[in-house]
2 protein chains.
Amino acid sequence: MPAQRDSDIAYATLQDMIVDLRLPPSTFINESALASELGLGRVPVREALARLAKDRFVTIMPRRGTAVTPLTLPDVLDIFEARETIECGVAYIAAARASEEDLAALRTLVETVDRDRESTDYEQFLLDDHAVHVRLVHIVQNVLLQDAADRLLLHSLRFWRMHWKNRPPSKDAMLSHADLLSALESRDPSRAEAAMRDHLTTSRQLVQILF
Amino acid sequence: MPAQRDSDIAYATLQDMIVDLRLPPSTFINESALASELGLGRVPVREALARLAKDRFVTIMPRRGTAVTPLTLPDVLDIFEARETIECGVAYIAAARASEEDLAALRTLVETVDRDRESTDYEQFLLDDHAVHVRLVHIVQNVLLQDAADRLLLHSLRFWRMHWKNRPPSKDAMLSHADLLSALESRDPSRAEAAMRDHLTTSRQLVQILF
DNA sequence: CGTAAACAACTGATATACAAGATGTGTTCA
DNA sequence: TGAACACATCTTGTATATCAGTTGTTTACG
């Protein structure tokens with residue numbers, strides 16, 4: 001879905017604004033104001049909102065208005081559960097399907113994340129961690145799984161930014177992907193799946209403890 | 001996403017038309033003609049097409065036109081792979097989470113499917129089989145997984161209709177869900193997952209043999 | 001005779017304008 | 001003083017019109 005139409009520009013811009021919290025959860029959206037702010041017409045903005053609603057990034061209440069979807073605890077648990085379901089399967093498949101280039105790229109990314117863990121710049125950590133997961137999904141080369149996973153990863157990114165904004169993370173809240181990478185490099189699907197499951201359940205538990 | 005706006009009506013109608021092959025794969029879509037045929041304006045139809053494109057039911061080629069997405073063998077294999085990834089995880093979760101009402105409803109549906117297998121009305125079989133999978137996903141009560149799974153199930157339904165249209169199925173191509181149901185009723189997540197995996201890999205192999 | 005360039009027609013893409021529904025406020029009556 | 005009804009305003013939803021881009025065809029030139 002390459003951005004060439006105004007509608008695609010609006011979609012990409014709005015998604016960015018929602019995920020990086022420039023439009024925080026529960027923000028009400030005024031179509032006309034937003035359109036002139038983006039320098040676009042109302043029609044392409046509307047088309048973009050319709051698509052974002054399918055991703056559940058915004059919630060359209062017919063004849064009442066559109067709002068950035070709020071982020072409740074049940075929602076967050078759904079995100080984690082869905083990620084676990086899809087990404088564990090993805091890790092299993094990727095172990096068999098990854099090319100040497102994939103593994104090399106992944107190793108670089110994982111090392112970057114490990115450096116990020118030593119710093120206190122959690123924004124950079126989040127971005128690089130996100131990149132690892134996106135790359136992993138990319139390995140499978142299945143657009144349908146990719147669609148689903150990318151959406152979940154963005155929801156997840158939005159959540160962590162929100163979560164850490166007021167409660168900056170301790171160092172051990174920033175997890176490594178060393179086990180996962182090692183499993184992939186030894187082409188061990190079951191171990192890769194287990195590593196991913198461990199990775200996701202651990203981070204989920206870090207959230208649940210706080211609530 | 002309840003249908004009340006014209007845009008929702010257009011979305012639901014078009015999705016039906018695509019999945020039941022009234023609009024076969026690769027059909028080119030003329031917005032104006034379609035709008036007047038549906039008795040709607042062009043704008044809501046456009047919004048609906050934008051959403052259908054996100055589901056990959058139609059393919060928008062900017063400034064060139066919109067077509068119902070074709071159905072190639074690699075696409076079909078992606079559908080099966082994605083279904084296996086998601087639905088096996090769903091089956092695992094559902095085994096622990098299903099209520100007694102869920103199990104009762106599922107049992108009725110599975111028995112209906114088993115009756116369908118005795119007949120030659122593959123359309124009815126497809127609909128009831130679809131209903132079983134939809135119900136199973138519903139049990140998990142996770143809208144994100146539901147979004148992803150429902151989409152895949154519709155893609156799958158479209159494929160089977162296409163596939164069996166010219167090659168009507170033999171009786172053993174119509175699979176049962178007896179094993180899955182029995183695993184769910186004994187609350188055995190691993191067995192439920194295994195039953196689902198067996199179900200899906202078997203039907204995938206039935207396709208691959210023919211190509 | 002073949003190829004390339006220009007033109008015309010079609011169709012999608014966006015902007016402008018209009019209509020309808022919902023919400024909040026103000027006034028009036030109990 | 002409180003509650004209910006009506007009105008006004010705001011915002012979404014839809015239709016119509018205009019603009020721009022792509023494609024296919026035709027014509028002219030090599």
Side-chain angles (χ1 to χ4, degrees), chain A residues 1-18 22-71 143 147, chain B residues 1-18 22-71 143 147:
Chain A
M1 215 178 298
Q4 185 122 15
R5 304 174 297 173
D6 285 11
S7 165
D8 292 331
I9 298 172
Y11 177 76
T13 311
L14 278 173
Q15 183 171 265
D16 280 353
M17 291 175 74
I18 291 170
R22 271 176 293 169
L23 291 175
S26 302
T27 307
F28 265 81
I29 291 177
N30 183 316
E31 291 181 0
S32 331
L34 188 61
S36 57
E37 189 180 334
L38 297 178
L40 300 170
R42 252 184 71 205
V43 179
V45 171
R46 267 186 76 74
E47 270 191 32
L49 288 175
R51 286 193 269 167
L52 287 166
K54 272 203 74 65
D55 293 336
R56 300 191 184 268
F57 284 120
V58 301
T59 306
I60 297 177
M61 293 160 284
R63 302 269 176 202
R64 295 198 43 185
T66 300
V68 179
T69 27
L71 209 45
V143 285
D147 285 348
Chain B
M1 218 177 297
Q4 183 123 18
R5 302 174 297 174
D6 285 11
S7 166
D8 292 330
I9 297 172
Y11 177 75
T13 310
L14 280 173
Q15 187 176 69
D16 279 352
M17 291 175 74
I18 291 170
R22 271 175 294 169
L23 291 176
S26 301
T27 307
F28 265 82
I29 290 176
N30 182 315
E31 291 183 359
S32 330
L34 188 60
S36 58
E37 189 180 334
L38 296 178
L40 300 171
R42 270 183 58 202
V43 178
V45 170
R46 268 188 75 76
E47 271 190 30
L49 288 174
R51 287 193 268 166
L52 287 166
K54 270 205 74 66
D55 293 336
R56 299 191 183 270
F57 284 120
V58 302
T59 305
I60 297 177
M61 294 160 285
R63 304 271 176 199
R64 296 197 45 185
T66 300
V68 179
T69 339
L71 210 44
V143 284
D147 285 348

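Proteins get letters first, then strands, A, B, ... in listed order; numbering begins at 1 in each. This is a predicted model, so every value here is computed, not measured.
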Return the value, rounded to whole Å, for the distance between atom CG of Asp8(B) and atom C1' of dT12(D). 13 Å

Tell me the interatomic distance from Glu47(B), atom CD, to dG12(C), atom P, rounded to whole angstroms. 17 Å

side-chain contact (heavy atoms from CB on, under 4.5 Å) with Ile29(B): of Leu49(B), Thr59(B), Ile60(B), only one passes, and it is Leu49(B)

Please name the pair of heavy atoms, one in Ala10(B) and one in Pro44(B), separated by the smallest distance, quoted to 0.1 Å. CB-O, 4.2 Å

Ignoring hydrogens, what is the shortest heavy-atom contact between Leu52(A) and Tyr11(A)? Give both atom names and the distance. CD2-CE1, 3.6 Å

Assign each of Val43(A) and Gly65(A) to its nearest nucleotide of DNA chain D by heavy atoms, then name whichever residue's nucleotide is nearer the 5' end. Gly65(A)

What does the inter-axis angle of the helix from dC1(C)-dG30(D) to dA30(C)-dT1(D) come out as, five pairs per end, nearest 10 degrees? 10°

Quick one: is Arg64(A) getting a side-chain N or O under 4.0 Å of the dG21(C) phosphate, OP1 or OP2? no

Closest nucleotide among dG13(D), dT14(D), dA15(C) to the Pro44(A) side chain: dA15(C)

Looking at DNA chain D, which of residues 23-39 of chain B put a heavy atom within less than 4.0 Å of it? none

Pairs: protein N or O with nucleotides 17-19 of chain C N or O, under 3.5 Å:
none

For atom CZ of Arg46(B) and atom C1' of dG12(C), their distance in whole Å: 6 Å

Output, in order, the C-alpha distance, side-chain angles, deciding distance and verdict of side-chain contact (heavy atoms from CB on, under 4.5 Å) for Asp55(A) and Gln15(A). CA-CA 10 Å; Asp55(A) 293 336; Gln15(A) 183 171 265; 4.2 Å; yes

Is it the case that more than 12 heavy atoms not belonging to Arg22(A) sit under 6.0 Å from its CZ atom? yes

Would you find a donor on one side and an acceptor on the other, under 3.5 Å apart, between the side chain of Arg51(A) and the backbone of Ser7(A)? yes

Could you check how far CD1 of Ile60(B) sits from C1' of dT11(C), rounded to whole Å? 14 Å

Closer than 3.5 angstrom, by distance alone: can the side chain of Thr27(A) be matched with the main-chain N or O of Val68(A) as a donor-acceptor pair? no

Minimal heavy-atom distance between Arg56(B) and Thr69(B), with the atoms involved, is O-OG1, 2.7 Å

For Thr66(B), answer base if it contacts any base atom (sugar-phosphate contacts may also be present), sugar-phosphate if it contacts only those atoms, and nothing otherwise; contact means non-hydrogen atoms under 4.0 Å. nothing

Quick one: are Leu14(B) and Leu34(B) in side-chain contact, heavy atoms under 4.5 Å? yes

For Pro25(B) against Pro70(B), the heavy-atom pair lying closest together: CB-CA, 3.9 Å

Any chance you could measure Leu40(B), atom CG, to Asp6(B), atom CG, to the nearest 0.5 Å? 5.0 Å

Please pick, from dT14(D), dG13(D), dT14(C), the nucleotide with the shortest atom-to-atom distance to any side-chain atom of Asp6(A). dT14(C)

Nearest-angstrom distance from the residue atom CD1 of Ile9(B) to C1' of dT14(D): 12 Å

